[in-house]
Amino acid sequence: MSTPSLSPAHDGPKPLSGSAVRLFELITYSWVAAAVSAAAELGVADAMSAAPTPVDEIAKLVEADPDALHRLLRACADLDLVEELPGRTYALTELGHALRSDSPDSMRGYARWLGSPAERSTMAHLAEAVRTGGPVFETVHGTPVWDYMRSNPASASVFDQGMTDISSQLTRSLVHGYDFGDTECLVDVGGGRGRLLSLVLAAHPHLRGVLYDRPEVVSRVDPALTREGVAERCRVESGSFLDAVPEGGDAYLLASVVHNWNDDDTVRVLTHCREAMAPGGRVLLAEVLVPDGPAPERTAKFMDLSMLVHCDGKQRTRAEFAAVAERSGLRLERVVPGAVASVVELVRA
C-alpha cells in the first residue's frame, strides 16, 4: 500500500498541504492504536527485562516471528514505548512500563480490549450509529453487548480487565483527592475486581468496603485486595445493580459505571442506591464529564462516541447528571474535579 509524500520535495510532485498532512495523521491514528494493542496482546512489555533485550529473545518469550516483532517494536519506538538500540535490541521506556501487567500504572488490559475484534469491528460502524441514533453492537455481533459478554467468557475477561484498568487509572485522583473522613462503609457498585477499592481502602485505613459486581466478575478479585490487610476490611457481594445494591453503606461509589447506561437505567441504579444507603449517605459518581459548553475535552467526547456505538450509554454534562439525580430522588450537591475524571456527589433530595 502506498502513502502520499508527507515531507517537502525539491523535485517531482508537490508535497501535501498542511491540512492534508494533519488529516492524514488523524486518519492513521487507528494504525497507532493497533500497534499499541498488538504489543499489549503479545505481552511484549512483560517479556522485557530492565536491561536491553535482543528482539530474537523477546520473540521466543512471546512466541512471535522475530522479523515481524522487530517491525512492530521499531514502530513502537516512535511512540516512546520502547527504545531501539543497535543490533535489533530494545529497551522498555518509562511509558512502556504502563503496558506491563504488574505495573501500578498498567493499561495493558485496556489496550488489549481496544484492539480486540469485538471492539474494533463495532467501532467500524460508528457512522451507522450516528445515522440511527443508537448502539450497533447487536447488529454487528447478533446480541446486545452485555449478553455477548455473558456468552463469550474470553472476550468478557479481556473486557473486565480493560474496564478495571481504565476505571482505576482515570479515577485515581479520587483516592487521595476526595474527603472520605466521615465515611465508615464504602460500597463500590460495579467495582469490577476491586483494584480501585483496594487503593481507596489502603489510603484510608478507617474505611470498610463492600465490593459489588456480577458473580463472574467478583469471582476473580484483584490480588491487591489481599495485600496490606485490606481484605480484612472488605467483603465481596455479587448481584446485578439493576436489581438491587447492598444496604447500609454511607457512600456508594460508581466509578465509570453509569456512562454505560441510558438515562432510564441510570435512574434505576441510582434509585437503588438511594433506597439502600444509610441516613446521611451519598452517591459518588466518578466520571469524565462533558463540558456544558463548547470547551475542548477530548477524553469525554470520544468516550461518548464509544458509548453511542456499544451500549446506549453516554458521557454526561453536569446538567445531565443533575437531571438523572432529580429523577432518582437525589440532588447534585457538588462536583469535585480530578485530573481526568471528576466525582459527582449526590445526596438525598
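The analysis underlying the following values was restricted to heavy atoms, covering all of them including side chains, and did not include hydrogens, waters or symmetry mates.
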What residues join [X] in its hydrophobic cluster, counting side-chain heavy atom gaps under 4.5 Å, either direct or through other members?
| X | result |
| --- | --- |
| L81 | V32, V36, L79, L95, L99 |
| L92 | L42, V44, M48, V55, I58, V62, L69, L72, L73, V82, Y90 |
| V347 | none |
| L61 | none |

What distance do [X] atom [atom1] and [Y] atom [atom2] have between them, rounded to the nearest 0.5 Å?
| X | Y | atom1 | atom2 | value |
| --- | --- | --- | --- | --- |
| T93 | E83 | OG1 | CD | 8.5 Å |
| M163 | S256 | CE | OG | 8.5 Å |
| L253 | C273 | CG | SG | 10.0 Å |

Check ion pair R327-D264 (N to O, under 4.0 angstrom)
yes
side-chain hydrogen bond (donor to acceptor under 3.5 Å, both in side chains) against R150, all qualifying residues, sequence neighbours excluded
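Scan of R150 (side-chain hydrogen bond (donor to acceptor under 3.5 Å, both in side chains), adjacent residues dropped) gives D147.
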With sequence neighbours left out, what residues match E128 under side-chain hydrogen bond (donor to acceptor under 3.5 Å, both in side chains)?
R131
[X] and [Y]: side chain donor to acceptor below 3.5 Å:
| X | Y | value |
| --- | --- | --- |
| S328 | R274 | no |
| Q161 | R193 | yes |
| T183 | D250 | no |

Kindly determine whether L330 and M277 satisfy side chain to side chain contact (heavy atoms under 4.5 Å, CB included), including the steps that lead there.
CA-CA 12 Å; L330 296 165; M277 67 188 185; 3.9 Å; yes
For [X] and [Y], work out which heavy atoms get closest and say how close.
| X | Y | value |
| --- | --- | --- |
| A111 | S37 | O-OG, 2.8 Å |
| A286 | L174 | CB-CD2, 4.2 Å |
| D213 | G191 | OD2-N, 3.4 Å |
| D160 | R214 | OD1-NH2, 3.5 Å |
| G96 | A45 | O-CB, 3.8 Å |

Determine whether S342 and R318 satisfy the following criterion, side chain to side chain donor-acceptor pair (under 3.5 Å), listing intermediate values before the conclusion.
CA-CA 10 Å; S342 299; R318 179 183 178 125; over 6 Å; no
So do [Y] and [X] actually touch side chain to side chain, heavy atoms under 4.5 Å?
| X | Y | value |
| --- | --- | --- |
| H310 | V136 | no |
| L197 | C234 | yes |
| L346 | L284 | no |
| H70 | P66 | no |

Under the ring pair (Phe, Tyr, Trp, His ring centres under 6.0 Å) test, residues paired with [X] that sit two or more places apart:
| X | answer |
| --- | --- |
| F321 | none |
| F241 | W261 |
| H141 | F137, Y148 |

In terms of heavy-atom contacts, does [atom1] of [X] have more than 12 from other residues, nucleotides or ligands at under 6.0 Å?
| X | atom1 | value |
| --- | --- | --- |
| K60 | NZ | no |
| E216 | CD | yes |
| E184 | CD | no |
| E232 | CD | no |

Please verify the inter-ring angle class for F159 with W146; under 30° counts as parallel, over 60° as perpendicular, anything in between as tilted.
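If you compare the ring of F159 with that of W146, the planes turn out perpendicular.
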Check whether any side-chain N or O of N262 sits under 3.5 Å from a backbone N or O of D312 as a donor-acceptor pair, and report yes or no.
no
Using only atom types and a distance under 3.5 Å, with no angle test, would you say the side chain of T89 pairs donor to acceptor with the backbone of G87?
yes
With salt bridge (charged side-chain N to carboxylate O under 4.0 Å, His left out) as the rule and sequence neighbours excluded, what pairs involving residues 26-45 come up?
E41-R112
Quick one: which residue pairs count as a salt bridge (charged side-chain N to carboxylate O under 4.0 Å, His left out) with a foot in residues 333-349, not counting sequence neighbours?
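Every salt bridge (charged side-chain N to carboxylate O under 4.0 Å, His left out) pair that includes a residue of residues 333-349, provided the two are not neighbours, is R282-E345, R331-E333, R334-E345.
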Would you be so kind as to tabulate the donor-acceptor pairs closer than 3.5 Å made by side chains of residues 289-296, with sequence neighbours excluded?
unit_1: D292; atom_1: OD1; unit_2: T317; atom_2: OG1; d: 3.4

